[in-house]
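Being a predicted model, the structure only gives us computed values, none of them experimental.
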Amino acid sequence: MPGGRLTQQERQQIALGLADSLPYAEIARRLDRPTSTVTREVMRNGGPTAYRADLAHRATERRAHRRRPASSRGAESVTLPHGRDAEAVAEYEETFTTVLMASGLNKMAARVLTCLYTTDAGSLTASGLATRLQVSPASISKAIAFLESQSLVRRERDERRRDRYVVDDELFYQATIASARANDQLVETARRGVAILGPHTPAATRLENIARFLDFISEKITQAAEQAREVLHTKPGTTSNDTAPPGPDHG
């Protein structure tokens, strides 16, 4: 069944697809599964280079065995705000985490960021994160330090003088600008290599081409981020057209 749990045979097909360097979407198509199912399966079981079907199958069975007693006792007591479906939310959070991992975050940083983005307040304390994710405070601290270094979260003090970790409307803009500035550093370093290796040499030409490419990309990223910044402040019930500045035709 496409919507059921992956079988051991399907996991073997995933492993074969990874060995053939097939994209997740192609593996999913052959299994008649959503791409997100295959992506999540691979990322939670070692990633594309370390995935093993037998180990993944046993790990899934162990997780299911550990969850079953708690799920059976508490299934009826789970109540989420706004009439949300607890199972659907959990599935979405796992998918979001997997996508963040595929973009380069480690698992704990991805879990923390997912937790913050799917919390209505957009902020939690370290103890709140540790409780929700069922991990140690030390794991939260390490993940937060990395996310702060990437401008993906910020901290603020609440009325009880506790640190709260926040995702807000500006953070993706700031992270995008930080990424562009990192490109600027690469451009400068590449061009320094041109002078050292000697102009018109093959190595210098390669570095100059890299510098020109990254310079162009960085400029376009910065321009696009500035132009689209207001989108991050769009409120529910509005569209990009609602927030666009008036043009000449508007009088």
Side-chain angles (χ1 to χ4, degrees), residues 18 21-26 35-36 39-40 42-43 46-51 95-118 122-123 139-156 163 165-234 240-241 243-245 247:
L18 293 172
S21 300
L22 295 179
Y24 293 150
E26 175 60 21
T35 302
S36 61
T39 305
R40 184 169 59 250
V42 173
M43 296 304 296
T49 59
Y51 182 83
T95 298
F96 196 1
T97 297
T98 300
V99 170
L100 290 173
M101 290 170 63
S103 74
L105 293 184
N106 63 51
K107 186 173 183 178
M108 185 51 61
R111 291 186 69 199
V112 167
L113 200 56
T114 294
C115 192
L116 289 170
Y117 268 107
T118 56
S123 70
S139 296
I140 296 297
S141 178
K142 185 176 180 180
I144 286 292
F146 173 77
L147 291 170
E148 282 187 305
S149 74
Q150 302 299 306
S151 300
L152 291 172
V153 302
R154 64 176 174 82
R155 73 175 69 202
E156 61 183 29
D163 281 338
Y165 303 104
V166 181
V167 289
D168 63 16
D169 294 335
E170 280 289 290
L171 282 172
F172 257 99
Y173 167 79
Q174 293 168 8
T176 300
I177 295 299
S179 175
R181 287 173 180 163
N183 276 349
D184 291 343
Q185 292 178 344
L186 284 171
V187 170
E188 180 184 350
T189 302
R191 288 198 164 126
R192 197 182 316 143
V194 172
I196 292 170
L197 295 171
H200 311 301
T201 64
T205 299
R206 184 182 307 114
L207 287 172
E208 177 59 29
N209 288 342
I210 290 171
R212 290 172 58 202
F213 173 81
L214 290 176
D215 204 11
F216 179 84
I217 293 296
S218 180
E219 181 182 354
K220 294 303 180 184
I221 287 174
T222 301
Q223 289 176 355
E226 292 290 353
Q227 291 169 1
R229 190 176 187 178
E230 66 183 43
V231 173
L232 294 170
H233 300 276
T234 303
S240 57
N241 289 333
T243 58

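Side chains of T97 and T114: a donor on one and an acceptor on the other come within 3.5 Å.
The line from CG of L197 to OG1 of T205 is 10.0 Å long, rounded to the nearest 0.5 Å. T98 OG1 to K107 NZ: the interatomic distance, rounded to the nearest 0.5 Å, is 8.5 Å.
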Worked check of side chain to side chain contact (heavy atoms under 4.5 Å, CB included) between T222 and I177:
CA-CA 6 Å; T222 301; I177 295 299; 4.2 Å; yes
Set out, in order, the CA-CA distance, both residues' side-chain angles and the distance that settles side chain to side chain contact (heavy atoms under 4.5 Å, CB included) for E226 and Y173, then state yes or no.
CA-CA 8 Å; E226 292 290 353; Y173 167 79; 2.6 Å; yes
Please test E148 against R154 for side chain to side chain contact (heavy atoms under 4.5 Å, CB included), starting from the C-alpha separation and ending with a verdict.
CA-CA 6 Å; E148 282 187 305; R154 64 176 174 82; 5.8 Å; no
I'd like to know whether L147 forms a side chain to side chain contact (heavy atoms under 4.5 Å, CB included) with L116, so could you lay out the CA-CA distance, the side-chain angles of the two residues, the decisive distance to 0.1 Å, and finally the verdict.
CA-CA 12 Å; L147 291 170; L116 289 170; 5.5 Å; no
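Residue Q150 comes nearest to A175 through the heavy atom pair O-CB, 3.8 Å, listed as atom of the first residue, atom of the second, then distance. The shortest heavy-atom contact between A204 and G198 is CB-O, 3.0 Å. The two residues L113 and L152 make their nearest non-hydrogen contact at CD1-O, 3.8 Å. The two residues M43 and M101 come nearest to each other via the heavy atoms O-CE, 3.5 Å. Across A25 and T35, no two heavy atoms sit closer than the pair CA-OG1, 3.6 Å. Across N183 and S218, no two heavy atoms sit closer than the pair CB-CB, 4.0 Å.
One N or O on the side chain of T189 and one on the backbone of Q185 form a donor-acceptor pair closer than 3.5 Å.
In terms of the ring pair (Phe, Tyr, Trp, His ring centres under 6.0 Å) criterion, residue partners of F96 (sequence neighbours excluded) are, by chain and number, Y92.
Put simply, the residue from D215, L207, I210 that forms a side chain to side chain contact (heavy atoms under 4.5 Å, CB included) with V187 is D215.
For residues 172-188, the pairs satisfying salt bridge (charged side-chain N to carboxylate O under 4.0 Å, His left out) are E188-R192, with sequence neighbours left out.
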